[in-house]
Amino acid sequence: MHRRNILWGAISAFGAAIAASRAGAVGEAAPPAKLKVVYHLNDLDKVSFVLGNIQNHLDGVGGPDHVTIALVVHGQALRAFHSASANPDLSKRVSQFSKAGLELAACGNTMKSQNVTLKDLLPGFIAARARRRGADRRVAIARLSLPATLRRCR
């Protein structure tokens with residue numbers, strides 16, 4: 001009887017030691033890598049919605065220190081970012097995002113078709129020059145080192 005208690009005590013102590021070592025290993029895990037995300041915006045009616053999603057994303061991950069976000073704007077949505085006609089609230093949000101590190105990219109083909117330059121857009125935009133369809137998106141993805149499996153720019 002006494003031997004059986006010693007055996008169970010030894011097994012319990014061994015199990016507790018293993019559990020404690022695993023708990024310590026979980027506490028010492030490397031911090032997660034910084035997230036990299038590309039938002040695609042081409043619908044003028046969705047500008048506020050997408051900017052709200054970006055703000056929620058930043059808030060949800062703990063701020064811009066934990067995520068790198070790029071916003072690729074083309075098509076009719078680029079009209080919302082023309083500095084001459086931009087909504088003051090939109091200008092303020094874009095300025096805050098730019099200061100937080102959001103990468104703003106305007107489609108080069110769209111800029112050409114709308115006859116605008118970077119000076120005509122809100123501050124913080126870069127031009128994603130493209131020679132072929134979908135290249136703007138690939139430029140933003142490459143800058144973030146994201147997988148190129150995201151949907152092509154249309």
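Atom CG of residue L41 and atom CG of residue L51 lie 7.0 Å apart, to the nearest 0.5 angstrom. Atom CG of N109 is separated from atom CD of Q114 by 11.5 Å, given to the nearest 0.5 angstrom. Of the inter-residue distances, the one linking H40 atom NE2 with H74 atom NE2 reads 3.5 Å to the nearest 0.5 angstrom. From L90, atom CG reaches atom OG of S83 across 11.0 Å, with rounding to the nearest 0.5 Å. Taking CG from D59 and CD1 from I54, the interatomic distance works out to 12.0 Å, rounded to the nearest 0.5 Å. Distance check, rounded to the nearest 0.5 Å: CZ of F125 to SG of C107 gives 11.5 Å.
Remark: side-chain polar atoms of T110 are paired, donor with acceptor, to backbone N or O of G75 under 3.5 angstrom. A donor-acceptor pair under 3.5 Å is absent between the side-chain atoms of H66 and the main chain of K34, judged by distance alone.
Heavy-atom minimum distance, A80 versus V47: CB-CG2, 3.9 Å. Taking every heavy atom of both residues into account, A128 and A105 meet most closely at CB-CB, 4.4 Å.
Applying the side chain to side chain contact (heavy atoms under 4.5 Å, CB included) criterion to D65, with sequence neighbours excluded, gives no partner residue. Partners of S91 by side chain to side chain contact (heavy atoms under 4.5 Å, CB included), not counting sequence neighbours, listed by chain and number: A86, L122. With sequence neighbours excluded, no residue satisfies side-chain hydrogen bond (donor to acceptor under 3.5 Å, both in side chains) with N115. Among residues two or more places apart in sequence or in another chain, the side chain to side chain contact (heavy atoms under 4.5 Å, CB included) test is passed with S85 by H82. For H57, the side-chain hydrogen bond (donor to acceptor under 3.5 Å, both in side chains) partners are Y39, not counting sequence neighbours. Here Q96 pairs with K92 under the side chain to side chain contact (heavy atoms under 4.5 Å, CB included) rule; sequence neighbours left out.
Every pair tested for ring-ring contact (aromatic ring centres under 6.0 Å, His included) that includes a residue from residues 85-114 fails, sequence neighbours excluded, so the list is empty.
For the pair E103/I69, no side-chain contact is recorded, criterion being any heavy-atom separation below 4.5 Å from C-beta on. For the pair V38 and L71, the minimum side-chain heavy-atom distance is 4.5 Å or more. For the pair T68/V37, no side-chain contact is recorded, criterion being any heavy-atom separation below 4.5 Å from C-beta on. Looking only at side-chain heavy atoms (C-beta outward), L104 and I126 stay at 4.5 Å or farther from each other.
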Take M111 and L118 through the side-chain contact (heavy atoms from CB on, under 4.5 Å) test and state the conclusion after the steps.
-> CA-CA 8 Å; M111 288 174 58; L118 287 176; 4.0 Å; yes

